[in-house]
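Structure, as C-alpha cells:
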Amino acid sequence: MSAALLRDPPPPKTREELLDRAQALSGLTVGQLAARLRTSLDGGPLRTKGRIGELVERALGASAGNLDQPDFPQLGIELKTIPMDELGRVRESTFVSTIDLQALPNTEWASSRVRRKLARVLWVPVQAAGELALGQRQIGRAHLWEMTDEEEALLKADWQQLAGRIAVGGIEEISAHLGEALQIRPKAANASVQVEVHGPEGEFLKTGPRGFYLRARFTESLLWRLSDESG
DNA sequence: TATTGATCATGC
DNA sequence: GCATGATCAATA
C-alpha cells in the first residue's frame, strides 16, 4: 500500500518520504530485506562487508551510486548504516571520506569534504551482536542527524589538527590515536596501493591512501541524543 | 575488550 | 585506480 514498501523505489522526493521509508524498515531482518529486494545473502563474513549498506540504499531509493554526492542528492542527505549491539553500543567506527593529501592543506573546515559529507546523515542502526548471522540481524529505527554546534566544534578541532599535520608534511606521524571524534586511518584495497605526498622537507614520498573516520564513541553519543529526542 | 591498521566487494 | 559500501582481525 505505502510507497515505503516498494521493492526498488525511485529516489524520495522529500525528507518526510525518506524518513517514512526508513521507519518502514525498522524491525525487519536483513534477510527479510534481501528477500524483498529479490537478492540473496550468500558469501562468508569476509565477503559481506558493505552488503547491508548497499541493501538499505536500494530499499530507500538512494541514487548517487559511487559519485562524490550524498546518497540522496536532491535532499542533501547521506545514508549510513551503523552496527549496534543489544545494549545500544556502536560496534565500529564510521568511514567518512578519503583524503586528498595534496589538496587538504589548501582547504578549510567550512568547505571540507568531511563537513559536506556530515552535513545531514540518516543513521540506520543494524543489530551486530557477536556471531549473529547476517540474515538474522534486525534493522532499527533510523535517525536524521544534523550536527550541533558542540559536535561541529569537536569535529572541526580534530580536522584542523590533522590537516595541520598533513600541511607540514607530517602524514607519516599521524596515527589513528589522534583526534577525539575524527581520526585518520588507512583506506585502501591493500598495502600495495600508494599515493605521492610531500614530506617534511617538501620532498616527494609514497604512502598509503588515508581516510577520515568517526570514532565509535562519537557516533554512539550522537545516536543516544537523537534517540532520546525522539522518545 | 577496545582500538588500530588492513582488507573485502562492487562499479566505472 | 579510485570512488562507493564498510568490517575484519591482530594487537595494545
Side-chain angles (χ1 to χ4, degrees), chain A residues 11 22 25 30 33-34 37 39-73 77-104 113-114 116-118 121-137 139 142 158 162 171-197 206-221 223:
Chain A
L25 300 183
V30 173
L33 180 58
L37 296 172
T39 187
S40 66
L41 237 35
D42 49 10
L46 281 176
R47 305 191 171 282
T48 55
K49 296 181 183 179
R51 198 82 177 81
I52 297 176
E54 292 162 2
L55 289 175
V56 174
E57 279 189 343
R58 270 186 66 192
L60 298 182
S63 58
N66 60 356
L67 303 178
D68 188 15
Q69 295 268 329
D71 294 292
F72 305 97
I77 295 175
E78 177 76 13
L79 174 66
K80 293 288 185 189
T81 58
I82 183 76
M84 298 184 81
D85 66 19
E86 49 285 299
L87 271 34
R89 307 299 312 272
V90 168
R91 300 282 296 238
E92 286 286 352
S93 56
T94 300
F95 173 69
V96 178
S97 74
T98 50
I99 305 175
D100 184 336
L101 293 168
Q102 305 271 13
L104 190 68
R113 230 167 136 195
V114 172
R116 230 188 317 137
K117 288 266 185 184
L118 298 181
V121 179
L122 182 66
W123 297 98
V124 179
V126 179
Q127 190 181 8
E131 308 307 313
L132 200 57
L134 188 62
Q136 298 306 119
R137 300 187 194 180
I139 298 168
D158 285 343
L162 294 164
I171 182 62
E172 300 289 19
E173 300 164 17
I174 295 178
S175 82
H177 294 91
L178 269 42
E180 285 186 41
L182 192 69
Q183 62 180 172
I184 288 179
R185 306 229 302 278
K187 169 64 173 174
N190 56 62
S192 74
V193 180
Q194 297 277 285
V195 295
E196 202 158 62
V197 298
K206 298 274 197 180
T207 189
R210 307 298 211 281
F212 281 113
Y213 294 75
L214 296 178
R215 288 189 182 281
R217 60 171 171 267
F218 176 80
T219 312
E220 187 175 287
S221 71
L223 284 170

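Since the model is a prediction, treat every value here as computed from it, not as a measurement. For the numbers below, each heavy atom of this structure counts, side chains included, while hydrogens, waters and symmetry mates do not.
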Salt bridge (Lys or Arg N to Asp or Glu O under 4.0 Å) partners for A/E172, two or more places apart: A/R210

A/K206 backbone acceptor or donor facing A/E196 side chain under 3.5 Å: no

Taken to the nearest whole Å, CZ/A/F95 to P/B/dC8 is 17 Å

Span of DNA chain C, from the first to the last nucleotide whose atoms fall under 4.0 Å of chain A heavy atoms: C/dA3 to C/dA9

Test of understanding: with salt bridge (Lys or Arg N to Asp or Glu O under 4.0 Å), list the residues that count as partners of A/R185, not counting sequence neighbours. none

Whole angstrom is fine here: how far is it from CZ in A/R58 over to P in B/dG11? 11 Å

List for me each residue that meets side chain to side chain contact (heavy atoms under 4.5 Å, CB included) alongside A/E86, sequence neighbours excluded, and say none if there are none. A/A129

Over how many whole Å does the gap from A/Q69 atom CD to B/dC12 atom P extend? 16 Å

Residues forming a salt bridge (Lys or Arg N to Asp or Glu O under 4.0 Å) with A/R89, sequence neighbours excluded: A/E220

Listed partners of A/R215 passing salt bridge (Lys or Arg N to Asp or Glu O under 4.0 Å), at least two apart: none

Describe the nucleic acid contact of A/T94 in one word from base, sugar-phosphate, nothing, applying a heavy-atom distance below 4.0 Å. nothing

Look at all strands and tell whether A/K187 reaches a base, only sugar-phosphate, or nothing, counting heavy atoms closer than 4.0 Å. base

Mind listing the residues from residues 174-185 of chain A sitting with a heavy atom below 4.0 Å of DNA chain C? Number order is fine. A/R185

According to side chain to side chain contact (heavy atoms under 4.5 Å, CB included), who are the partners of A/D158, at least two apart in sequence or on a separate chain? A/E180, A/A181, A/L182

Please assess A/V96 against A/K80 for the test side-chain contact (heavy atoms from CB on, under 4.5 Å), listing each intermediate value before the final yes or no. CA-CA 9 Å; A/V96 178; A/K80 293 288 185 189; 5.8 Å; no

Residue met sooner reading DNA chain C from 5', once A/V96 and A/L46 are mapped to nucleotides: A/V96

Rounded to whole Å, the CD1-C1' distance (A/I52 to B/dC8) equals 14 Å

Residue set satisfying side chain to side chain contact (heavy atoms under 4.5 Å, CB included) with A/D42, at least two apart, ordered chain then number -> A/S40

How long is the line joining CD of A/E92 and C1' of B/dT1, in whole Å? 13 Å

Mind checking what makes side chain to side chain contact (heavy atoms under 4.5 Å, CB included) contact with A/P125, not counting sequence neighbours? A/I82, A/M84

Tell me what A/E78 touches on the nucleic acid: a base, only sugar-phosphate, or nothing, going by heavy atoms under 4.0 Å. sugar-phosphate

Atom NZ of A/K49 and atom P of B/dA6: how far apart are they, to the nearest Å? 13 Å

Check against side-chain contact (heavy atoms from CB on, under 4.5 Å), A/T98 and A/R113: CA-CA 9 Å; A/T98 50; A/R113 230 167 136 195; 3.1 Å; yes

Near-strand residues of residues 206-216 of chain A, defined as heavy-atom separation under 4.0 angstrom from DNA chain B: A/Y213, A/R215

Could you check A/R89 against A/N190 and say which one's nearest nucleotide on DNA chain B is further toward the 5' end? A/R89

Who pairs with A/Q194 by side chain to side chain donor-acceptor pair (under 3.5 Å), at least two apart in sequence or on another chain? none

May I ask you to say what A/G53 touches in the nucleic acid, namely base, sugar-phosphate or nothing, with a heavy-atom cut-off under 4.0 Å? sugar-phosphate

